[in-house]
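From a predicted model like this one, the values you see are computed outputs, not experimental measurements. Computed from heavy atoms alone, side chains included, the values below leave out hydrogens, waters and symmetry copies. Numbering of ligands and ligand atoms starts at 1, following listing order.
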Amino acid sequence: MIIDPDQIDPRNSYQLLIGSIVPRPIAWVSTIATDGTPNVAPFSFFMGITGNPPTLAISCGPRRGAGKKDTLVNAESSGELVVNVVVEEIDEQMNITSAEFPPEVNEFQEAGLTPVPSVKVRAPRVAQSPINIECQVKQVVYVGNESSPSGLIIAEALLWHVRDDLLTPQNTIDVSKLHAIGRLSGNWYTRTRDLYEIARPNSQPSKT
Ligand SMILES: Cc1cc2nc3c(=O)[nH]c(=O)nc-3n(C[C@H](O)[C@H](O)[C@H](O)COP(=O)(O)O)c2cc1C
């Protein structure tokens with residue numbers, strides 16, 4: 001079967017994209033509005049870009065109807081955000097925060113989450129998440145349809161908070177203990193418990 005995105009409805013192209021790029025990590029992004037209202041929402045159009053300086057990207061599509069999602073508004077106005085890693089134990093809370101609440105709603109309260117002050121940014125961290133990455137927004141690139149573009153937020157990691165038991169003596173993250181989840185298509189997710197290793201050519205298998 002050959003599918004030409006020019007010949008199909010854009011919603012269908014989106015479905016093809018999210019069914020083909022799997023599994024996707026989930027950035028649970030906390031931000032703060034200009035009036036001080038905290039916000040948190042999940043984004044799976046999310047990737048690391050480069051390690052030096054550590055930089056990541058999150059794509060924030062248009063709000064249903066039109067306009068920007070609160071995360072994008074807050075990231076642009078404050079220049080800061082926190083990426084919280086989503087693990088199995090907090091998947092339901094993550095899902096609650098994906099509802100399109102109006103800007104004045106505090107999603108931490110709606111989902112029963114505990115905001116913890118960050119060190120380098122004003123946006124709070126999610127206490128229930130085992131890894132929080134405090135970030136500074138470097139750039140927002142608008143991509144796609146002109147009337148309702150997505151905002152690709154490019155942000156630099158300034159500070160990591162990692163639950164003690166997840167750190168190996170080599171300062172790597174023990175993903176076997178993390179239990180991160182990934183998004184598939186529709187309402188499907190995957191766990192990260194079925195791990196296996198492939199040694200890189202000319203390298204030794206790693207110890208974690
Ligand atoms: C697992 C998951 C991943 C999501 N990924 C994205 C994404 O990459 N981009 C996006 O614009 N919306 C994504 N959404 C939808 C947003 O979370 C949703 O629109 C949310 O209400 C935005 O909140 P905000 O207005 O507070 O920023 C995702 C939802 C879920 C449940």
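Side-chain atoms of Val121 and Cys135, non-hydrogen and from C-beta on, never get closer than 4.5 Å to each other. Inter-residue side-chain proximity for Arg163 and Ile131 is flagged as unmet; no heavy-atom pair is nearer than 4.5 Å. Proximity of Phe43 to Thr71: side-chain heavy atoms (C-beta onward) are separated by under 4.5 Å at one or more points. Looking at heavy atoms from C-beta onward, Thr168 lies out of side-chain contact with Ile173 at the 4.5 angstrom threshold.
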Requested in this report: Starting from the C-alpha separation in whole Å, work towards a yes-or-no answer on side chain to side chain donor-acceptor pair (under 3.5 Å) for Asn74 and Thr31.
Outcome: CA-CA 6 Å; Asn74 297 349; Thr31 52; 3.1 Å; yes

**Report entry** Intermediate values then yes/no, side chain to side chain donor-acceptor pair (under 3.5 Å), Ser118 and Asn132
**Finding:** CA-CA 9 Å; Ser118 295; Asn132 323 109; over 6 Å; no

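For the pair Met94 and ligand 1, the shortest N or O to N or O distance does not fall below 3.5 Å. The N/O atoms of Tyr189, backbone and side chain alike, include none that comes under 3.5 Å of an N/O atom in ligand 1. Here's the thing with Ala41: none of its N/O atoms is less than 3.5 angstrom from an N/O atom of ligand 1. For Ala99, a nitrogen or oxygen atom sits less than 3.5 Å from a nitrogen or oxygen atom of ligand 1, counting backbone and side chain alike. Checking only distances, Thr71 does come within under 3.5 Å of ligand 1, N or O to N or O.
Legend: residues meeting side-chain contact (heavy atoms from CB on, under 4.5 Å) with Pro102, ordered by chain and number and at least two apart, are Glu104, Val105.
The single protein non-hydrogen atom nearest to atom 24 (P) of ligand 1 is Asp70 N, 3.6 Å, given as residue, atom name and distance. Closest to atom 18 (C) of ligand 1 among all protein heavy atoms lies Ser98 O, 3.3 Å. Of all protein heavy atoms, the one lying nearest to atom 5 (N) of ligand 1 is Ser44 N, 2.8 Å. When only non-hydrogen protein atoms are considered, atom 15 (C) of ligand 1 lies nearest to Lys69 NZ, 3.8 Å. Among protein heavy atoms, the minimum distance from atom 9 (N) of ligand 1 is reached at Ser59 O, 2.9 Å. From the protein, the heavy atom lying nearest to atom 3 (C) of ligand 1 is Arg183 NH1, 3.4 Å. Phe45 N, 2.8 Å is the protein heavy atom nearest to atom 8 (O) of ligand 1. Remark: minimum distance from atom 11 (O) of ligand 1 to any protein heavy atom is reached at Gly61 N, 2.7 Å.
Taken to the nearest 0.5 Å, the CZ atom of Arg122 stands 13.5 Å off from the CG atom of Leu81.
For Arg64, no heavy-atom contact with ligand 1 is shorter than 4.0 Å.
Not close to ligand 1: Arg24, with no non-hydrogen atom less than 4.0 angstrom away.
Selection from Ser30, Pro42, Ala27 by nearest heavy atom to atom 4 (C) of ligand 1 gives Pro42.
What you find for Thr192 and His179 is that their closest heavy atoms are OG1-C, 3.8 Å.
Interface of Arg63 with ligand 1, defined as ligand atoms under 4.0 Å from a residue heavy atom, comprises 25 (O).
Residues Ser129 and Trp28 bring no donor and acceptor atom of their side chains to less than 3.5 Å of each other.
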